[in-house]
Amino acid sequence: QIGRTIPFQFSEDVIREFQVTSTGFEAEFGQAGGGLVNTVTKSGTNQVHGDAYYYILDSSTSANDKINEGLGIAKPHNRRQQVGGTIGGPILHDRLFYVGNYESQIRNEPLTVNDSSQLNDALAQDPNFLVDNPALAAQIAAAAGSFPRSFNQDVAFGKINGVINDKNTFSVTYNYQRFRSPHGYFNTPTSTGDGLSLTDGATSHFFQASLQTSFNATTINEIRFHVGSDYHFDLPASPPTFPAVVIQNPDSGFVFGGNRFQLANTDRRYEFTDTFTKVLGNHTLKAGVDINISHNSDFFIYGPKGEYLF
């Protein structure tokens, strides 16, 4: 997703194993140009197992950012906390099992908007410019300095797996993710003010059910159904009421006023796959079908209230 800065899609604590493949994909893993990551999640067992964890990283134990030092900016406060837990066990002994996880990230890292170089250039030509234009001076003052910024996320994962009979097993999983970051369009310590009024956010729901059938030691079949909804946005808390003002350029200059742009993307996906595998001596034969229906909606507005360039 464009501009996406979410920390993670699900907790590492639910991962049993993963495989990274860059070439030589198996037949069922098509439609990947650069590579793919195949992740296997944990399953419940006949014994109840669980864990809880807490992680904290605080700026009091870290050095200042080199960019801040070069600009003469004091070390900003930054605290990142992650807390969560996982539990799994039996529902019916030897037949039906569960595993569940919840994890939350609470991260606070203020954003510093520096306008000193642009103001110095303007005041060198007219030292009384801001004095003569108090309304403009107030807007500039409100758009520069330190702004509270958070990168908060909640994820939840649930899985039920079971044994139907000696040939058939199944699993059902659900994954939820919610991320919100006011003033978080850029995740760098400093900014030109571009996108300052935007909240970066994402919400996703993924549901999957699968049935594995083992006809014999060399013949298996897997049916899988997936439904997913993924929503990502960079939107202001309220509609802009005045144009954006850009001095020099938005990447290295100074931006204040209304937001230059706003965007949102929604991806809803429905997928059905059936993979048949047959082992013939030293060879493996695979055949199947993959029906993938994706509904994608993009929303992008540039200059919702116009833009002034200087």
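Partners of Arg180 under the side-chain contact (heavy atoms from CB on, under 4.5 Å) rule, at least two apart in sequence or in another chain, are Arg178, Thr203, Phe233. Looking at residues two or more places apart in sequence or on another chain, you find a side-chain contact (heavy atoms from CB on, under 4.5 Å) between Thr277 and Ile220, Thr275, Thr284, Lys286. Evaluation of the side-chain contact (heavy atoms from CB on, under 4.5 Å) rule for Asp58 yields Ser60, His77, Arg79 as partners, not counting sequence neighbours.
For residues 44-69, the set of pairs meeting the ring pair (Phe, Tyr, Trp, His ring centres under 6.0 Å) definition, not counting sequence neighbours, is empty. Under the ring pair (Phe, Tyr, Trp, His ring centres under 6.0 Å) criterion, the residue pairs touching residues 256-279 are Tyr185-Phe261, Phe254-Phe256, with sequence neighbours excluded.
Minimum heavy-atom separation, Gly193 to Ser191: N-OG, 2.9 Å. Here the shortest heavy-atom pairing between Glu103 and Gln82 reads OE2-NE2, 2.7 Å. Ala143 and Leu196 make their closest contact through O-CD2, 4.1 Å (heavy atoms, listed as atom of the first residue, atom of the second, distance). Annotation for Asn152 and Ile106: closest pair OD1-CA, 3.3 Å, computed over non-hydrogen atoms.
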Candidate pair Glu271 and Arg269, rule salt bridge (Lys or Arg N to Asp or Glu O under 4.0 Å), full reasoning
CA-CA 7 Å; Glu271 184 175 14; Arg269 187 178 301 269; 5.9 Å; no
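Through direct or indirect side-chain contacts shorter than 4.5 Å among Ile, Leu, Val, Met, Phe, Trp and Tyr, Ile91 is connected to Val48, Ile87, Leu92, Leu96, Tyr98, Ile160, Ile164, Phe170, Val172, Phe207, Leu211.
Cluster annotation: Phe10 is not connected to Phe179 through the hydrophobic network of ILVMFWY side chains, with a link wherever side-chain heavy atoms come within less than 4.5 Å.
Arg260 places no side-chain N or O within donor-acceptor distance of the main-chain N or O of Ala244, the cut-off being under 3.5 Å.
Remark: the Asn216 side chain and the Thr218 side chain contain an N/O donor-acceptor pair separated by less than 3.5 Å.
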